[in-house]
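Report on the following structure.
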2 protein chains.
Amino acid sequence: MSTQKPAKPELRSVLLQAGREILAADGMAGLGLRAVTRRAGVSPTAAYRYFADREHLLAAIATSGVWELTADLETADRSAAEPLIAQGVAYVHFATANAALYRLIFGPERLAHYPELENALAAAYGILAARVAKTVAPGEAEDKSLACWCLMHGLASLAIDTRLPSDSGMPEALAARLVKALVPRG
Amino acid sequence: MSTQKPAKPELRSVLLQAGREILAADGMAGLGLRAVTRRAGVSPTAAYRYFADREHLLAAIATSGVWELTADLETADRSAAEPLIAQGVAYVHFATANAALYRLIFGPERLAHYPELENALAAAYGILAARVAKTVAPGEAEDKSLACWCLMHGLASLAIDTRLPSDSGMPEALAARLVKALVPRG
DNA sequence: GTTTTTGAGTTGACATTGTTAACTCACAAA
DNA sequence: TTTGTGAGTTAACAATGTCAACTCAAAAAC
């Protein structure tokens, strides 16, 4: 007789999933360690077998999000006539579609100390920088990559906080315009 | 005989000051309602006479910071040969010199609901947009202003989180280069 | 000049949170 | 059969945000 249980739930990833769901439903406000374990149907302290403390749990959730973003950038880069612009659009689309998650990633100050998160972010930036390097004069690559990244992050933040001038239209369209302004041959 | 007391301490602003000090010393982590009142030498609930809850207190602290930033942008704009670039430099200088405060301002999601904070931010943006409008072709002003703002915010965030490529030099210098790349006649 | 009102703050309590230390207990190894 | 051990639980702690009820001095009203 086979067990009815979900076949090795792997609590660690269950917790990440629970965190993502809470994030999508209640935003950062609801994202406590106890809330996450509660939703995972497990006792609060169970999380400590997989995460040193609450911050490490949050960092892991953020990391999972960044890998998703990286994948989105990669497909955008591959599948479009204007790859750099497509990346910009994909970036702000991800941010607006996963607002709370994006805020977790770039919100608090816990960033520098989590190598996993660092790596994921470096990978995402790598996709962008590689495309810029192929699009722009060699001497300009470094600065333009950085400028693009800043531009997209800034735009995404403003869009999420509905701080864009109300007549700016869809943030994705804005992303396309702004990236084009910075790198005309995107 | 004149009183020895500090002549109408105006608890509200004392609390703001205490918050700023905590922010500078311990970062956002230490910025609890109880910590603030404790440092102000007053009981925890005293804050509720001036702020509806902890978030309103934080919003007020953030607002005070944004007005400071606005003033910095204004003087930078007035006192330089290349006013737009000076604004960019002043912006990231403020952010890096007041990292925790900057994170409070742009960190959590409590933004849209605090008109005071909204106004302060609109004022800061106004300074920038006005200068861009004077520097750039009429049709381009809107988008370029926005792009500048995004650029500066993105750069400031990355600089604070030490996520800039390590060979980028001082963030202020970087700000000058990036703004110039976007608006050559800055 | 006495009474009343009120503004500004305190005390004490409550529910929640993150975290720790000590435990249970099924299952694999010996 | 015994012994470990991995994965989780229970019970408790200190700290937090918040509320309701109070104190009490100084200003207003009569």
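Scope of the values below: all heavy atoms of this structure, side chains included, with no hydrogens, waters or symmetry mates. Lettering follows sequence order; numbering is per chain, from 1.
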Protein and nucleotides 23-26 of chain D: nitrogen or oxygen contacts under 3.5 angstrom:
none

Self-check item: Pairing residues for A:Glu68 by the salt bridge (Lys or Arg N to Asp or Glu O under 4.0 Å) criterion, not counting sequence neighbours
Solution: A:Arg20
Quiz item: Any chain of hydrophobic side-chain contacts (each under 4.5 Å) joining A:Leu117 to B:Leu164?
Solution: yes
Exercise. Can you tell me the distance, in whole Å, between the CD atom of B:Glu10 and the C1' atom of C:dG7?
Key: 13 Å
Table of protein N/O atoms under 3.5 Å from nucleotides 15-18 of chain C N/O atoms:
| residue | atom | partner | partner atom | Å |
| --- | --- | --- | --- | --- |
| C:dT17 | OP2 | A:Arg38 | NH2 | 3.0 |
| C:dG18 | OP1 | A:Leu33 | N | 2.9 |
| C:dG18 | OP1 | A:Arg54 | NE | 3.2 |
| C:dG18 | OP2 | A:Leu33 | N | 3.1 |
| C:dG18 | OP2 | A:Arg34 | N | 3.0 |
| C:dG18 | N7 | A:Arg34 | NH1 | 2.4 |
| C:dG18 | O6 | A:Arg34 | NH1 | 3.0 |

Exercise. Using side-chain hydrogen bond (donor to acceptor under 3.5 Å, both in side chains) as the criterion, list what pairs up with A:Glu172, not counting sequence neighbours.
Key: A:His93
Practice problem: Report the residues that fulfil ring pair (Phe, Tyr, Trp, His ring centres under 6.0 Å) with B:Phe51, sequence neighbours left out, ordered by chain and then residue number. | Solution: none
Quiz prompt | Sequence-distant partners of A:Arg54, salt bridge (Lys or Arg N to Asp or Glu O under 4.0 Å), two or more places apart | solution = none
Quiz item: For A:Asp72, which residues count as a salt bridge (Lys or Arg N to Asp or Glu O under 4.0 Å) partner, sequence neighbours excluded?
Solution: none
Practice problem: Check which hydrophobic residues are tied to A:Tyr48 through side-chain heavy-atom contacts below 4.5 Å, counting indirect links as well, and list them. | Solution: A:Leu33
Exercise. Can you tell me which residue pairs pass the salt bridge (Lys or Arg N to Asp or Glu O under 4.0 Å) test with a partner in residues 151-160 of chain B, sequence neighbours excluded?
Key: none
Any protein N or O atoms within reach of nucleotides 9-11 of chain C? Criterion: under 3.5 Å, listing atom names and distances.
| residue | atom | partner | partner atom | Å |
| --- | --- | --- | --- | --- |
| C:dG9 | OP2 | B:Tyr50 | OH | 2.9 |
| C:dG9 | N7 | B:Arg49 | NE | 3.1 |
| C:dG9 | N7 | B:Arg49 | NH2 | 2.5 |
| C:dG9 | O6 | B:Arg49 | NH2 | 2.5 |
| C:dT10 | OP1 | B:Ser43 | N | 3.4 |
| C:dT10 | OP2 | B:Ser43 | N | 2.7 |
| C:dT10 | OP2 | B:Ser43 | OG | 2.7 |
| C:dT11 | O4 | B:Thr45 | OG1 | 3.1 |

Quiz item: Can you name the residues that form a salt bridge (Lys or Arg N to Asp or Glu O under 4.0 Å) with B:Glu74, not counting sequence neighbours?
Solution: none
All N/O donor-acceptor pairs, side-chain side in residues 121-134 of chain A, below 3.5 Å, sequence neighbours left out:
| residue | atom | partner | partner atom | Å |
| --- | --- | --- | --- | --- |
| A:Tyr125 | OH | A:Leu146 | N | 3.4 |
| A:Arg131 | NE | A:Asp77 | OD1 | 2.7 |
| A:Arg131 | NH2 | A:Asp77 | OD2 | 3.0 |

